[in-house]
J.: 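Dumping the structure here so I can ask a few things about it.
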Amino acid sequence: SDIGSQKERVVTEEEWLQKWEMGNIGFHKEQRHPLLQKYLDVLLHGRSGLRIFFPLCGKAVEMKWLADMGHSVVGVEVSEQAVKEFFSEHSLPYCEEPVPEISGAKMFQSTSGNISLYCCSIYDLSSSIVGKFDGVWDRGALVAVNPCDRQRYASLMISLVEKNSSYLLVTVLYDPNKHKGPPFYVPESEIKSLFG
């Protein structure tokens with residue numbers, strides 16, 4: 001396999017929480033991603049009022065940008081700190097409530113109602129809890145998922161999208177024998193086998 005030494009690598013939930021606590025979040029970008037700006041038309045297809053999903057959202061600035069355009073944004077993030085920082089950095093008032101179907105999970109929703117961020121493991125979500133989406137912006141999720149969990153992740157994502165949805169996926173290319181990840185190297189052949 002060309003994913004080299006990464007195949008067995010596992011990053012725990014605790015390690016991700018620690019990255020947020022320590023401010024070790026080089027994966028967070030303060031500016032909108034140029035590829036989302038470039039391919040926005042592919043995501044939206046001229047449609048308005050879409051439901052757009054941000055897997056492993058962190059405090060992505062694009063969530064507010066798309067919500068300001070009139071779309072409904074739903075994200076999932078394991079770090080409560082990241083979720084709260086998103087709302088405070090954008091001066092967005094929000095309310096917080098438990099998610100009855102998921103033990104210990106919380107949902108943070110902007111008081112305007114157009115941004116809902118779930119604080120839990122992505123694998124605890126299902127379409128019965130969050131509904132289905134017209135679009136997905138996967139800027140750093142697939143490449144952050146442990147290689148052993150990719151099939152599970154892809155199956156979940158497929159179950160969360162509507163038939164005519166758009167899925168924008170950003171990956172990174174490099175020699176996986178020189179970097180242990182994350183971000184993990186996901187070859188294009190594997191993306192095709194995961195998502196079709």
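One is the number of the first residue; the rest follow in order along the sequence.
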J.: Going through the checks in order, is the side-chain contact (heavy atoms from CB on, under 4.5 Å) test met by Val11 and Asn146?
T.: CA-CA 6 Å; Val11 181; Asn146 292 320; 3.7 Å; yes
J.: Is the shortest distance from a Lys or Arg side-chain nitrogen in Lys84 or Glu80 to a carboxylate oxygen in the other one below 4.0 Å?
T.: yes
J.: Heavy atoms, side chains only, cut-off 4.5 Å: are Val83 and Trp20 in contact?
T.: no
J.: What do the steps show when you test Val73 against Asn114 for side-chain contact (heavy atoms from CB on, under 4.5 Å), and what is the final call?
T.: CA-CA 6 Å; Val73 170; Asn114 59 350; over 6 Å; no
J.: Check the side chains of Gln81 and Glu85 for a donor-acceptor pair under 3.5 angstrom, ignoring hydrogens and angles.
T.: yes
J.: Between Asp149 and Tyr153 (side chain of the first, backbone of the second, donor and acceptor by atom type, cut-off under 3.5 Å), is there such a pair?
T.: no
J.: Salt bridge or not for Glu162 and Lys132, using N-O below 4.0 Å?
T.: no
J.: Tell me whether the NZ or CZ atom of Arg152 lies within the 45° cone about the ring axis of Tyr123 and under 6.0 Å from its centre.
T.: yes
J.: Please find the pair of heavy atoms, one from Cys119 and one from Val78, that lie closest to each other, and give the distance.
T.: SG-O, 3.6 Å
J.: Which heavy-atom pair separates Gln109 from Ser116 by the least distance, and what is that distance?
T.: NE2-OG, 2.9 Å
J.: When the ring centroid of Trp16 is compared with that of Phe27, is the distance short of 6.0 Å?
T.: yes
J.: Salt bridge check, Lys106 against Glu96: does any charged N sit closer than 4.0 Å to a carboxylate O?
T.: yes
J.: Parallel, tilted or perpendicular, judged at 30° and 60°: which one describes the rings of Tyr167 and Phe195?
T.: tilted
J.: CD of Glu188: more than 12 outside heavy atoms within 6.0 angstrom?
T.: no
J.: Looking at Arg32, Met69, Glu62, which one forms a side-chain contact (heavy atoms from CB on, under 4.5 Å) with Leu40?
T.: Met69
J.: Where is the tightest heavy-atom contact between Ala141 and Pro55, given as atom of each residue plus distance?
T.: CB-O, 3.6 Å
J.: With sequence neighbours excluded, what pairs up with Phe133 under the ring pair (Phe, Tyr, Trp, His ring centres under 6.0 Å) test?
T.: Phe53
J.: Does a side-chain N-to-carboxylate-O contact under 4.0 Å join Glu190 and Arg150?
T.: yes
J.: Would you say the side-chain atoms of Asp175 pair up with the backbone N or O of Asn177, donor to acceptor, closer than 3.5 Å?
T.: yes
J.: Give a yes or no on whether the backbone of Gly135 and the side-chain of Ser165 come within a donor-acceptor separation of less than 3.5 Å.
T.: no
